Novice: 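Quick one: the structure is below, and I'll ask about it shortly.
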Amino acid sequence: MIEAVGLTKRYGKTLAVDNLSFSVPSGRVTGFLGPNGAGKSTTMRMILGLDTPTGGTALIDGKRYRDLQQPLRTVGALLDAKWVHPNRSARAHLQWLARSNRLPAKRVDEVLEIVGLTSVAGKRAGGFSLGMSQRLGIAAALLGDPQVLLFDEPVNGLDPEGILWIRKFMHRLAEEGRTVFVSSHLLSEMALTAQELVVIGRGKLISQSSTEDFVTQATENTVRVRSPQLAPLRSALGKLGVSIRDEGEALVVSGMDCADIGELAAREGVVLHELSPQRGSLEEAFMQLTGDSVEYHTEIAEPGVPATLTTAGK
Amino acid sequence: MTTLLATERIKLFTTRSPWWSIVAALGLTIGFAGLVALNHSEGRPLQVEHSQFGIQFGLVVVLVMAALAVTTEYRFSTIRATFQAVPNRSAVLVAKTAVVAVLAAVIGEIAAFGSWTVTRVIAGGPEMAIATGADVRMVAGVGLVYALAAVIAVAVGTLVRQSAGAISILLIWPLLVENLVQLIPGAGPHIHDWMPFVNAERFLNPPEFTTPPIGPWGSLAYLAGVAAALFAAAMVAVNRRDA
Amino acid sequence: MTLLAVERMKLFSTRSPWWCSLIALALTVGFGALMAGTANTETPLTVAATQFGYTFGLVVIMVMAALAITTEYRFGTIRATFLAVPNRGKALLAKTAVVAILAGVLGELAAFGSWGIGKLIKPASDLALNTPYEWRAVAGVGLVYAVAAVIAVAVGVLVRHSAGAIALLLVYVQLVENLVSLIPRIGNDIHRWMPFTMSAKFITGDPDVTLRNINEGPPLADAGLSPWPALLYFAGFAVVMMVIALAVANRRDA
């Protein structure tokens, strides 16, 4: 169980994390979702005692990280797979970590086996691919057989096989009753991995709910209606109190399905040219929710070749 | 080549280390000159050479800056981007060296004339005038020495490719090795005569101070020769090595 | 004890300490051999003269000690360290202790190696360790290296960048302390109280040999204290640096 209470981090004038409170239950995979730069990593670092919060606290099973005795036995974390000395072997890296928390040396071989790195354990970590580094990071997190696990963007840059492996792995850890807290900026990935979601944008909490609730809530289903007689249709729909959005020659109706709208049109004698259900994508929903909270907006170019790509060489 | 020079100039000045180096080099040299001038006793008027006591501070800063200009490219792998953009590696190295050397020379001139000015303002007498050819050499020559030192540092940085290693070599060599060799009984002083930074110092020394075997300008030429040899070695290495 | 073992494992599972140890020993003992080989009747080999190269070892040791901590920042392993051992003071002190012990051992090896090779090459010279001065000149090297390593680790913690820490340490030790004495009137008085002048005093200091030839050993240090208090002063400086470094590391985001 991880608990954040009023967590705040300020760097000079920027408020990276703003009065953030949430809790991460055990026995489930909890996703920590937000666009890049939303403050996910900073929050995780504060939970782990690496960064000192400007305000608020983060507790793990009721204790601050820096008060834990032999913390690797309570919490395992993978924040950055590259936090390994490149000239140290994978085994040597795990050995010093194990020793620091008085874990038996044979545990090193066990975790190497779990993540499938036994055959390259003696190789220098600097030569590892991203996927292998990620596995080494997970091995380090598992060393103390901890009940609480934190992963920061663990699937970033992995191939599909690696992504699938990590996803299954997290489910297994949660099924064993552990607390699994995993951050990502990809909603589609989280929809498959996490059962609970903590969503933040610009350092602020946007929602905490089950993934299912978040998805149904976030993705509204609409129906697009095109007709040469929009005015009578609009007034008829208006009487029913559903929300309507104008889109040129069409209306986008939410809160009513195709069948009901078709029957209504028939009763009113309105000719329809199109009646089609629209399903919002998860990404759109996520964008909608966190829309004003993305730190750096990109201008999406007009159709055709973006101007910036054609100026070179002129 | 002008494009390459501009590229290297942009690369150098868009990172922080050259700015730090400029501030450190000028602050240390001119600041030290100020300290010397403020504390001089009335009985002994300061000469031109006394204003240049701190010049070695700037020299080591230039060595570090010039080495970092290359080693950070290796550290952050931007060297690959550089060679991708300009496959002619010799041209890249020449351009980078030129830009760093010119900056070093400018730092040197500002440091030397700045030190001289500060000393003159605080404690200047008639002895502080730059009157003789030797006086000109002692002050204006600093830029030349800094530029050649920068070439040596870029070459060593290119050969070693690691900040820590390159800086250690570049600082331990002039500050320690060149001094200690003269202790070797018999051959020591003769080896000492042919050490590159000893020659740099001799070029900047007042005439009455040392009697170098080859004279001040000979010393400078010798330093330039060492720089050229190291630069050639770096050139060969860069072209033969995988980036 | 556990933490000491951890830091020992960390230090020796990378390459730079091995390289630095090798270079430190090769330079000091090699220079000792050079001095012994070229000694003649005009400049006879003395105990002090075998130790000319100790500054080589000193600077290499300081580079190694600084790298031991700056590479942790460079590769992010400092965060792994602080995750495993959240008490940062303990973790950093353990590292400092391990590095200082290694430095001390290397210092003794370098000093007695240089002395031994002198004996080997010039068996006829008078290299017996009789006076306290001669003992300090040889056996004292390890103590100086150990304290210097503490200073280097502290600077490494404060600066966090290899290049910056190394440049600062080398320029300070080899340049600043020397150039200071060029300042008229006050320069010499400042110089007498600078930490590495004190460490040199411990190695080369009087009262035993005051009028010796320049070729008979590393230059005499003009320090404000006699040898043993000078070492204490040097150690005190290291402690102050370390306390500042620990305070900063505790307050800073890792």
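Quick note on labels: first sequence line is chain A, next is B, and so on, each numbered from 1. In what follows, every heavy atom counts, from backbone to side chain, and hydrogens, waters and symmetry copies are set aside. Note that this is a predicted model, so its numbers are computed, not measured.
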Novice: Chain C heavy atoms under 4.5 Å from B:F32: which part of the residue, side chain, backbone, both or neither?
Specialist: side chain
Novice: Below 4.5 Å from any heavy atom of chain B, which atoms of C:F31 appear? Answer side chain, backbone, both or neither.
Specialist: side chain
Novice: Against chain B, work out which of C:G37, C:A163, C:A66, C:G187 has the most heavy-atom pairs shorter than 4.5 Å and name it.
Specialist: C:A163
Novice: Where along residues 163-170 of chain B does a heavy atom come under 4.5 Å of chain C, listed by residue number?
Specialist: B:S163, B:A164, B:I167, B:S168
Novice: Between B:I184 and chain C, with a heavy-atom cut-off of 4.5 Å, which part of the residue counts as in contact: side chain, backbone, both or neither?
Specialist: both
Novice: Between B:P185 and C:M35, what is the shortest heavy-atom contact and its length?
Specialist: CD-CE, 3.6 Å
Novice: Measuring from atom CZ of B:R75 to atom OG of C:S162, what distance do you get when rounded to the nearest 0.5 angstrom?
Specialist: 8.0 Å
Novice: Have a look at C:T55 and tell me which of B:I172, B:L175, B:L176 forms a side-chain contact (heavy atoms from CB on, under 4.5 Å) with it.
Specialist: B:L176
Novice: Going by residue number, which parts of residues 166-179 of chain C are within reach of chain B, meaning a heavy-atom gap below 4.5 Å?
Specialist: C:I166, C:A167, C:L170, C:V171, C:Q174, C:L175, C:V176, C:L179
Novice: Checking heavy atoms, do the side chain of B:L38, its backbone, both or neither come under 4.5 Å from chain C?
Specialist: backbone
Novice: Which region of C:T38, side chain (C-beta onward) or backbone (N, CA, C, O), has a non-hydrogen atom less than 4.5 Å from a non-hydrogen atom of chain B, or is it both or neither?
Specialist: both
Novice: Between B:V61 and chain C, with a heavy-atom cut-off of 4.5 Å, which part of the residue counts as in contact: side chain, backbone, both or neither?
Specialist: neither
